[in-house]
Amino acid sequence: MSAGVFMVVLVAAILFLMLLIIKLKVHPVMALFTTALLTGIVLGYGVAGTADMIGSGFGSTLGSVGITIILGAVISMAIEDTGAAKSIANFFIKLFRGKNMELAPSLTAFIMSIPVFGDITMVLTAPIASMLSKRKHISMSTMAAFTGLGLFLTHGLVPPTPGILAIALMFEADLGMTIVWGLIVALIGFFGTWLLLRKWTEKEWIEPNPEMGKGLPETNSDSIDDILIKDPNLPNTFVAFLPLLLPVALISLSSFAAMYADPEGVIYKVCTTIGHKVIALFIGVLYSLWLGYKQRKAVLNAYKENFPNEADAKLSDIMLEKWVARGLIVCLSPLLITAMGGAFGNVLKNSPALEPLSKLIADSPIPAILVPWAIAAIMMTSVGS
């Protein structure tokens, strides 16, 4: 298959995927599966061969992000029930004086995604975005758009995130200058986009996740005192941030140890062990359990208020079983959509037409800087991102 034909197939696949999801309202999991299957058949892999590619792509993607997303979802349940999310929301309400609340989760994600994978950051900042969305009646189209913008900019531009770190090392770039310029470009990109598009994102109203905003009333007031969430059982701000910051700090420590510590030394081994993304998030879960015990009154009250049919549940049952069960419900759909997107991506990347396509683009008069951008934009769109 020629590069030109492959491009036609790719564009057709993207359009078909958008038709299924947007117009026909097919669930993204089935839309991605159907598109991947048809695309593989058109590319000449055959039904069985395409099915094998879908299975391997689905499994590898699920294996790479599944556990981290699940652990992050459990942490998000703890943040909600302990009152930590309310304390975090209050911190940002004071910081931004009750205005432009979409900047709260966005800038949190911007900072967190420097050392942490974007999908983990999205899971950890989702409760903040949802609570502020409900509190100030801001559409999740605005909250999600700028939170995603913040996390993807630093995820892609600022080391020690693995992708840009690998590129910097490949080209033997000065790592410090890469970080500095990455931050400058990311900040300009973020605030430039926010200033240009914040009104546009408000045109569609999307409700926040009801699971993350239970019992939180809305307010139309611009007074900080009126917007602040009043609750005598809230933890202090530092304690509330730790379920988010502890995994971030451990992963950051691991990244810097990998760059500067002796690979044979104890410091390297300890830091890279506790800073492994799965271990770091599990430590975050363990801290969340401790926080739940310290905030047991708030946890029990929240459960009685939000789940009256299970008002007699014990603290241990809530933290060890209910948090996990609710977290799985919250993360199941995005987890499966992400995995099926990986399946579709696997079908595309196995095409032998990719090599002549890259040569065709390299020989074209298109400005060099636009080539990787265009390829990334097409691939990210095609896998249902």
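The analysis underlying the following values was restricted to heavy atoms, covering all of them including side chains, and did not include hydrogens, waters or symmetry mates.
- Salt bridge D81/R326: present, at least one basic N to carboxylate O contact under 4.0 Å.
- Looking at every heavy atom in both residues, P235 comes nearest to V239 through CB-CG1, 4.2 Å.
- With hydrogens and angles ignored, the 3.5 Å screen pairs no side-chain donor or acceptor of S288 with any backbone N or O of A78.
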Could you check F33 against V29 for side chain to side chain contact (heavy atoms under 4.5 Å, CB included), going step by step and ending with a plain yes or no?
-> CA-CA 6 Å; F33 173 78; V29 170; 5.6 Å; no
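- A side-chain N or O of E207 and one of W205 form a donor-acceptor pair less than 3.5 Å apart.
- The CD1 atom of I283 sits 11.0 Å away from the CG atom of L71 when rounded to the nearest 0.5 Å.
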For side chain to side chain contact (heavy atoms under 4.5 Å, CB included), just list the numbers for M140 and S130, CA-CA rounded to whole Å, side-chain angles, deciding distance to a tenth of an Å, and then say yes or no.
-> CA-CA 7 Å; M140 282 303 293; S130 296; 4.2 Å; yes
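- No side-chain heavy atom of F146 sits under 4.5 Å from any side-chain heavy atom of L103.
- Linking Ile, Leu, Val, Met, Phe, Trp and Tyr whenever their side-chain heavy atoms come within less than 4.5 Å puts I79 and F282 in one cluster.
- Pairing each heavy atom of G148 with each of M122, the nearest pair is CA-CE, 3.8 Å.
- Rounded to the nearest 0.5 Å, atoms NZ (K94) and CG (D225) are 10.0 Å apart.
- Minimum interatomic distance between L107 and F191 (heavy atoms only, all atoms of both residues): CD2-CZ, 4.1 Å.
- Taking every heavy atom of both residues into account, T178 and A173 meet most closely at OG1-CB, 3.7 Å.
- Residues F92 and T108 have side chains in contact (heavy-atom distance under 4.5 Å, counting atoms from C-beta outward).
- A donor-acceptor pair is defined here as one N or O able to donate and one able to accept, closer than 3.5 Å; such a pair exists between the side chain of S139 and the backbone of I206.
- Residues F91 and F241 place their aromatic rings such that the two centres sit under 6.0 Å apart.
- No more than 12 heavy atoms of other residues, nucleotides or ligands lie within 6.0 Å of CD1 in I67, so this atom counts as exposed by the packing criterion.
- Distance alone, capped at 3.5 Å, is enough to place a donor-acceptor pair between the Y45 side chain and the S351 backbone.
- Between the side chain of T147 and the backbone N or O of A144 there is no donor-acceptor pair closer than 3.5 Å.
- Residues N100 and R198 have side chains in contact (heavy-atom distance under 4.5 Å, counting atoms from C-beta outward).
- A heavy-atom distance below 4.5 Å is not found between the side chains of T237 and I88.
- Between Y293 and W290, the distance from one ring center to the other does not fall under 6.0 angstrom.
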Check the pair K86, E80 against salt bridge (charged side-chain N to carboxylate O under 4.0 Å, His left out), reporting the backbone distance first and the verdict last.
-> CA-CA 8 Å; K86 295 179 180 178; E80 177 189 344; over 6 Å; no
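- Nearest heavy atoms, T61 versus T338: CG2-O, 3.5 Å.
- Here the side chains of L291 and L242 are not in contact, with every heavy-atom distance at 4.5 Å or above.
- The main-chain N or O of T201 is found under 3.5 Å from a side-chain atom of S141 such that the two form a donor-acceptor pair.
- Looking only at side-chain heavy atoms (C-beta outward), V26 and T34 stay at 4.5 Å or farther from each other.
- For the side chain to side chain contact (heavy atoms under 4.5 Å, CB included) with W323, the lone residue among L328, I75, L289 that qualifies is L289.
- The CG atom of L336 sits 12.0 Å away from the CE atom of M30 when rounded to the nearest 0.5 Å.
- Remark: the backbone N or O of G57 is paired with a side-chain donor or acceptor of S60 at under 3.5 angstrom.
- Side-chain contact annotation: N346 with S56, donor-acceptor N/O pair under 3.5 Å present.
- Under the 4.5 Å side-chain heavy-atom criterion for grouping Ile, Leu, Val, Met, Phe, Trp and Tyr, I267 is not connected to L253 through any hydrophobic cluster.
- A chain of hydrophobic side-chain contacts below 4.5 Å, direct or via other Ile, Leu, Val, Met, Phe, Trp or Tyr residues, connects I54 to I41.
- The NZ atom of K134 sits 13.5 Å away from the CE atom of M143 when rounded to the nearest 0.5 Å.
- Between G292 and T82 the shortest heavy-atom distance is CA-CG2, 3.7 Å.
- Between the side chain of S133 and the main chain of I138, a donor-acceptor pair closer than 3.5 Å is present.
- Taking hydrophobic clusters as Ile, Leu, Val, Met, Phe, Trp and Tyr residues chained together by side-chain heavy-atom distances below 4.5 Å, L250 shares a cluster with I279.
- T35 OG1 to F344 CZ: the interatomic distance, rounded to the nearest 0.5 Å, is 6.0 Å.
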So K269 and D262, salt bridge (charged side-chain N to carboxylate O under 4.0 Å, His left out) or not? Walk me through it.
-> CA-CA 9 Å; K269 293 178 181 178; D262 179 7; over 6 Å; no
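- Residues K304 and D312 fail the side-chain proximity criterion, which asks for heavy atoms closer than 4.5 Å.
- Taking the six-membered ring for Trp and thresholds of 30 and 60 degrees, Y260 and F256 have nearly parallel ring planes, at less than 30 degrees apart.
- For the atom pair NE2 of H27 and CG of L20, the computed distance is 13.0 Å after rounding to the nearest 0.5 Å.
- Residues I318 and I329 do not share a hydrophobic cluster, clusters being chains of Ile/Leu/Val/Met/Phe/Trp/Tyr side chains in contact below 4.5 Å.
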Just do the side chain to side chain contact (heavy atoms under 4.5 Å, CB included) check on I93 and L132 with the steps written out, would you?
-> CA-CA 9 Å; I93 289 169; L132 290 174; 4.1 Å; yes
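- Between the side chain of T154 and the main chain of F110, a donor-acceptor pair closer than 3.5 Å is present.
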